[in-house]
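Throughout, numbering of the chain's residues begins at 1 and tracks the sequence. Every heavy atom of this structure was used, including side-chain atoms; hydrogens, water molecules and symmetry mates were not.
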Amino acid sequence: MGKMMLLLSTLGISLCLFSIIPSALGIWLTLPSSGTKCVSEEIQSNVVVLADYVVIPDGSSVHPTIGAKVTSPYGNNLYYKENATHGNFAFTTQETGNYLACFWVDPYYLGGKEISVSLDWKTGIAAKDWDSVARKEKIEGVELELRKLEGAVEAIHENLLYLKGREAEMRVVSERTNARVAWFSIMSLGICIGVSGLQLWHLKRFFQKKKLI
């Protein structure tokens with residue numbers, strides 16, 4: 001009974017932690033007959049990314065194919081494939097930023113209709129193969145769930161550190177912006193005072209020439 005309660009408690013905590021971490025994303029894309037549709041996600045560095053995509057059959061005799069391309073925040077090609085009805089890609093991020101996955105219908109497709117694509121995008125702890133871990137380390141049950149909890153806690157800690165770093169960066173940018181605005185305001189006030197002084201001097205000279213003062 002005690003072991004069962006521990007297992008239920010561990011499973012409950014696991015569900016709570018996994019719900020906190022946005023690590024898995026299932027998307028249904030509708031590709032136009034011409035043009036490109038992209039999805040992106042902001043990911044930290046040193047994070048494993050796994051994704052599978054497949055063209056959803058529309059029941060017609062023509063089987064459309066698509067192209068896929070994944071680029072890093074700096075524009076490096078991480079994956080490229082054409083003439084595909086399905087595929088998958090995996091990589092470990094090298095830099096922090098938005099990773100972009102784009103899909104398009106191959107140009108020789110003459111159907112002229114929109115194509116539906118299912119994309120299963122996983123990052124971080126959701127991309128880890130826990131079945132392989134369990135077989136390799138010969139763990140199961142509560143011990144496996146505890147290992148998952150450990151991974152979830154580490155992922156949350158890394159996310160918190162990342163958010164803390166971003167907050168510090170934004171604070172520095174905000175302080176620099178406020179300082180620039182303050183200096184700009186002071187310069188604007190100085191210019192206004194200078195222009196007003198010149199106008200008064202010019203008016204005084206004008207009235208003196210006209211012998212009005």
Side-chain angles (χ1 to χ4, degrees), residues 9-31 35-54 66-81 87-104 117-133 144-189:
S9 176
T10 303
L11 288 173
I13 297 173
S14 300
L15 290 174
C16 291
L17 289 176
F18 282 116
S19 65
I20 294 174
I21 306 172
S23 53
L25 188 64
I27 304 176
W28 187 288
L29 298 174
T30 301
L31 306 183
T36 302
K37 183 164 287 189
C38 301
V39 294
S40 67
E41 183 178 0
E42 185 175 354
I43 310 175
Q44 305 174 43
S45 60
N46 298 320
V47 174
V48 176
V49 178
L50 297 177
D52 297 280
Y53 61 91
V54 60
I66 63 172
K69 181 180 180 181
V70 181
T71 55
S72 71
Y74 295 153
N76 299 320
N77 287 335
L78 303 176
Y79 175 83
Y80 185 87
K81 189 175 183 180
N88 56 74
F89 51 85
F91 57 89
T92 300
T93 59
Q94 300 297 321
E95 59 262 1
T96 299
N98 282 317
Y99 285 79
L100 190 67
C102 295
F103 301 89
W104 63 91
V117 177
S118 175
L119 173 64
D120 184 20
W121 179 285
K122 297 179 180 180
T123 62
I125 192 171
K128 194 167 185 177
D129 189 354
W130 291 106
D131 292 334
S132 298
V133 173
L144 178 59
E145 294 301 323
L146 289 174
R147 182 63 62 84
K148 291 181 181 180
L149 283 178
E150 182 182 358
V153 170
E154 290 178 355
I156 292 174
H157 182 254
E158 291 176 357
N159 284 334
L160 290 176
L161 292 177
Y162 170 70
L163 292 175
K164 185 178 180 180
R166 289 296 301 273
E167 181 184 2
E169 292 176 1
M170 294 299 296
R171 184 167 59 250
V172 171
V173 171
S174 178
E175 291 174 353
R176 288 178 178 174
T177 303
N178 291 336
R180 290 174 180 175
V181 170
W183 278 109
F184 179 77
S185 300
I186 293 172
M187 290 177 59
S188 299
L189 181 60

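- Taking the side-chain contact (heavy atoms from CB on, under 4.5 Å) definition, one finds that T177 meets it with V173, V181, sequence neighbours left out.
- Expressed to the nearest 0.5 Å, how far SG of C102 lies from CG of L31 amounts to 10.5 Å.
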L29 and Y53: CA distance, side-chain angles, deciding distance, side chain to side chain contact (heavy atoms under 4.5 Å, CB included) verdict: CA-CA 10 Å; L29 298 174; Y53 61 91; over 6 Å; no
Donor-acceptor pairs under 3.5 angstrom involving side-chain atoms of residues 93-100: please list them, not counting sequence neighbours.
unit_1 : atom_1 : unit_2 : atom_2 : d
T93    : OG1    : Q44    : O      : 2.6
T93    : OG1    : N46    : N      : 3.0
T93    : OG1    : V47    : N      : 2.9
T93    : OG1    : V47    : O      : 3.4
Q94    : NE2    : T92    : O      : 3.3
E95    : OE2    : S72    : OG     : 3.0
T96    : OG1    : S45    : N      : 3.2
N98    : OD1    : E42    : N      : 3.3
Y99    : OH     : Q94    : N      : 3.4
Y99    : OH     : E95    : N      : 3.3
Y99    : OH     : E95    : O      : 2.5

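- The main-chain N or O of M170 is never found under 3.5 Å from a side-chain atom of S174 such that the two would form a donor-acceptor pair.
- Between atom NZ of residue K164 and atom CZ of residue R166 there is a gap of 16.0 Å, rounded to the nearest 0.5 Å.
- Of all non-hydrogen atoms in G87 and Y79, the two that sit nearest each other are CA-OH, 4.3 Å.
- Atom CZ of residue F89 and atom OH of residue Y80 lie 14.5 Å apart, to the nearest 0.5 angstrom.
- For K69 (side chain) and N77 (main-chain N/O), no donor-acceptor pair under 3.5 Å exists by modelled atom type.
- In plain terms, the two heavy atoms of G35 and W104 that are nearest each other are O-CB, 3.5 Å.
- Rounding to the nearest 0.5 Å places CZ of F91 at 5.5 Å from CD1 of I43.
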